[in-house]
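Worksheet: the structure to be examined is printed underneath.
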There are 2 protein chains.
Amino acid sequence: MPRRPSEPILPHSEQAFLAAYDASKFPRPSVTVDLVLLTVENESLRALLLKRLEHPDRDRWALPGGFVGYDEPVDVAAARVLRDKVGLEGIFVEQLFTFGDPARDPRMRVISVAHFALVSPMTLRRAIDTSRSNTMSLATIRIPWIGEADGPVHAIDSNGTELPLAFDHAHILGKAVARLRGRLNYSPIAFELVGEEFTLRSLQQVHEAILGHPVNKDAFRRRILASGQTSPTGKYQSSVQHRPAELYRFVRQSHTSDHT
Amino acid sequence: MPRRPSEPILPHSEQAFLAAYDASKFPRPSVTVDLVLLTVENESLRALLLKRLEHPDRDRWALPGGFVGYDEPVDVAAARVLRDKVGLEGIFVEQLFTFGDPARDPRMRVISVAHFALVSPMTLRRAIDTSRSNTMSLATIRIPWIGEADGPVHAIDSNGTELPLAFDHAHILGKAVARLRGRLNYSPIAFELVGEEFTLRSLQQVHEAILGHPVNKDAFRRRILASGQTSPTGKYQSSVQHRPAELYRFVRQSHTSDHT
DNA sequence: TGAATAGTGTCTATAAGACAATATCCC
DNA sequence: GGGATATTGTCTTATAGACACTATTCA
C-alpha cells in the first residue's frame, strides 16, 4: 500500500523536517528511468529506440523509459520498463547516470535515472520480432569521439538514414558507450553480448565494435584464455568456409578481488 | 521563476501524457543530493560527516545533503550543499550513484543522487575550523572489503570510536570508495587530494590510503614521472629529518584519448 | 657519525605487439 | 588444390617488481 507524502507515518518531532520541506510549497520533480539497451550485431554497436508518437519530440526516437512508482525501487522500475516495453527479462542491467537538467523535458521537471542493459543480438531480435511493433528500431550507433571522451552520439537506421533523437537521449546513449568502453578492459561485460557459446573471434569483434578500433588478435586470445573466464566446449563451428573455430563458454569467476 | 507541475506550459495534445501521469494520482518521490566529501590525511581515508540533531536517526552521523530544487540542476544542488553546509567551492565534484530504495528513509520516499567530492586535507580542515560547528566530524573510513568489491564501510572518529551512520550512508560511502579505487589507476584523480605542491612520496601515500594496501615505490615513481602529469618545481622540503624530497606540481593534460 | 628517507641504476618477470608456420574446413 | 580463417610458437618490446647503491638532511 503506497504511503502518500501528504500522509506520512511520522515519529513525533518531525515537524521541523516537514516545515523545511513542505510538499505544497516545494513542488517535486518527476523521476523516471530510461534504458539504453545495447547489443553488437554485424560488428556494429546498436541500441533499441522507440519512435515517439506524441508531442513533444513527436516522430523523434527515444530510449524506452517510464516513471518510477512511489513505492518502487529504481532498479525494479528499470526492469519493469525492460519487460513491459521490450519484452525482456533477466538480462544484464546496471545503473548508468542520472540526468537532471531542468530543461531536458519541456513539459515539466523530469529527473531520469538512466540504466544500460546488454543482451546478445539473437535474444534482442527475438524480442523485437515478438513485440511486432513498427515503432521500434535497432539503430546503429555512430560515435564521433574516441576513447571515453563522452558526448552525444548518432543513431543510424538500417537504410543508413540518421534517426533524430528525442530529448537528451543522444547524451544518455553517449554516456552508456563511454561506460561500456571503460568497463570492457577489467570486467567480463563483453560476455553479456554474445550467446551461450561463442568463438574467440566473435568475442574479439564485440570488443572491436565497442572500442571503435581493431584489437591485436594474438594478445586478445592470450589475454582471454589466460583470464580463466572461458572454458572450451570441445565443439566447433559448422558450415563455415574455413577452418572452424572452437566454441567457448563464459565461466563466471568467484569474486576474489586481488590487490597486486 | 519556477514552473509548477500543476501549471506546466503545455503544447496542445499533451492530455494523453498528463492522463498517464497525474500528479495527484501518483505522488512523486522527493529528490535529494548527498555528498561524500573525501580526503586523505595521515595516510588514512577520511570523510566529512554531520551529526543528526533530529529524528529519524537522531545522533547518528550523516553525509551532507539537501533537497534538489524544482528548477535546480542536480549538479548545482550538490555544489550548493557543499557551499552552504561545508563552506567549500570550486573543488572536484562528480556524480556517484543514485540510491532509491523506498525504505532508505522512513519518513517518505526519498531518491538521493549521491556525489563524491575530493579535497586536500589542508583545505578541508580550514573549512571545518571556519564553520565552527561541533556537529562535524572528519571520520576515518574503515573498509571491510578489498578491491572494488563495494559494500558498507565503517566510520571511526579521532578517539577510535565507531560513529553510527544514518540511513544507507554506510553504503553510499562504500560506493564512493569503490569508485575512487577504480578510477585511481587511469585518472589523475589523486592530485585532487594533495595541495598545489607535493612530494612523490605523499602522492604515493594518498594512493596507498585509497587502495588499502602498499604500492611499489619504484614503479610508482616511474609511472607518475613517465605520465607527464607532474612537473618538478625545483623546490624541496624543509625541516625534515632526512634528505628533503623535491616538490612537484600537477600538470593537467590535454584530453588526447589514445586508442592503443 | 648515524638514522632516515630521497633518488638512481640494474636485473628479472610478465604481458603485449609482430610475425611466421602449421592446421582444417569448404569450394 | 586453393582460399580462408584457426591455432600455435617464437622473437621483440614495454612495463612492473625486486633490490642494491648512492645522496642529503638533521640530531
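Protein chains get the first letters and strands the later ones, always in sequence-line order, with residue 1 at the start of each. What's counted below: heavy atoms across the whole structure, side chains too, no hydrogens, waters or symmetry copies.
No hydrogens or angles considered: a donor-acceptor pair under 3.5 Å links the side chains of B/Thr135 and B/Ser133. No side-chain donor-acceptor contact under 3.5 Å links A/Thr123 and A/Arg125.
When atom types are taken as modelled, the side chain of A/Arg46 and the backbone of A/Thr39 share no donor-acceptor pair closer than 3.5 angstrom. Of the possible polar contacts, none joining the A/Lys175 side chain to the A/Leu96 backbone as a donor-acceptor pair under 3.5 Å is found. Using modelled atom types, no side-chain atom of A/Glu43 and backbone atom of A/Val206 make a donor-acceptor pair closer than 3.5 Å. A donor-acceptor pair is defined here as one N or O able to donate and one able to accept, closer than 3.5 Å; such a pair exists between the side chain of B/Asn216 and the backbone of B/Ala219.
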Query raised in the report: What string of B, S and - do you get for nucleotides 22-27 of chain D 5' to 3' if you count protein non-hydrogen atoms under 4.0 Å?
Result: -BBBS-
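Here the P atom of nucleotide D/dG9 and the NZ atom of A/Lys217 are 15 Å apart, to the nearest Å. Rounded to an integer number of Å, the gap from CD of A/Glu246 to C1' of D/dT8 is 14 Å.
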Taking distance alone, no hydrogens or angles, what donor-acceptor pairs closer than 3.5 Å link side-chain atoms of residues 180-194 of chain B to residues at least two apart or in another chain?
{"residue": "B/Arg181", "atom": "NE", "partner": "B/Ile210", "partner atom": "O", "Å": "2.8"}
{"residue": "B/Arg181", "atom": "NH1", "partner": "B/Gly147", "partner atom": "O", "Å": "2.8"}
{"residue": "B/Arg181", "atom": "NH2", "partner": "B/Leu211", "partner atom": "O", "Å": "3.3"}
{"residue": "B/Arg183", "atom": "NH1", "partner": "B/Glu94", "partner atom": "OE1", "Å": "2.3"}
{"residue": "B/Arg183", "atom": "NH1", "partner": "B/Glu94", "partner atom": "OE2", "Å": "2.6"}
{"residue": "B/Arg183", "atom": "NH2", "partner": "B/Ser187", "partner atom": "OG", "Å": "3.1"}
{"residue": "B/Tyr186", "atom": "OH", "partner": "A/Tyr186", "partner atom": "OH", "Å": "3.4"}

What side-chain donor-acceptor pairs closer than 3.5 Å can you find for residues 151-158 of chain A, not counting sequence neighbours?
{"residue": "A/His154", "atom": "ND1", "partner": "A/Glu162", "partner atom": "OE2", "Å": "2.7"}
{"residue": "A/Asp157", "atom": "OD1", "partner": "A/Asn159", "partner atom": "N", "Å": "2.8"}
{"residue": "A/Asp157", "atom": "OD1", "partner": "A/Gly160", "partner atom": "N", "Å": "3.1"}
{"residue": "A/Asp157", "atom": "OD1", "partner": "A/Thr161", "partner atom": "N", "Å": "3.0"}

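For A/Phe220 and A/His207, the distance between ring centers is under 6.0 angstrom.
Contacts between residues 221-235 of chain B and DNA chain C, defined by a heavy-atom separation under 4.0 Å, are made by B/Arg221, B/Arg222. Contacts between residues 197-209 of chain B and DNA chain D, defined by a heavy-atom separation below 4.0 Å, involve no residue at all.
Under the salt bridge (charged side-chain N to carboxylate O under 4.0 Å, His left out) criterion, B/Arg243 pairs with no residue, sequence neighbours left out.
Using a 4.0 Å heavy-atom criterion, one finds that A/Gln237 contacts no nucleic acid atom at all.
Residues B/Glu196 and B/Arg249 are paired through a salt bridge, judged by an N-O separation under 4.0 Å between the basic side chain and the carboxylate.
Residue whose closest nucleotide on DNA chain D sits further toward the 5' end, between A/Asp218 and A/Ala245: A/Ala245.
For B/Tyr236, whose side chain is taken as the heavy atoms from C-beta onward, the closest listed nucleotide among D/dG17, D/dA6, C/dG7 is C/dG7.
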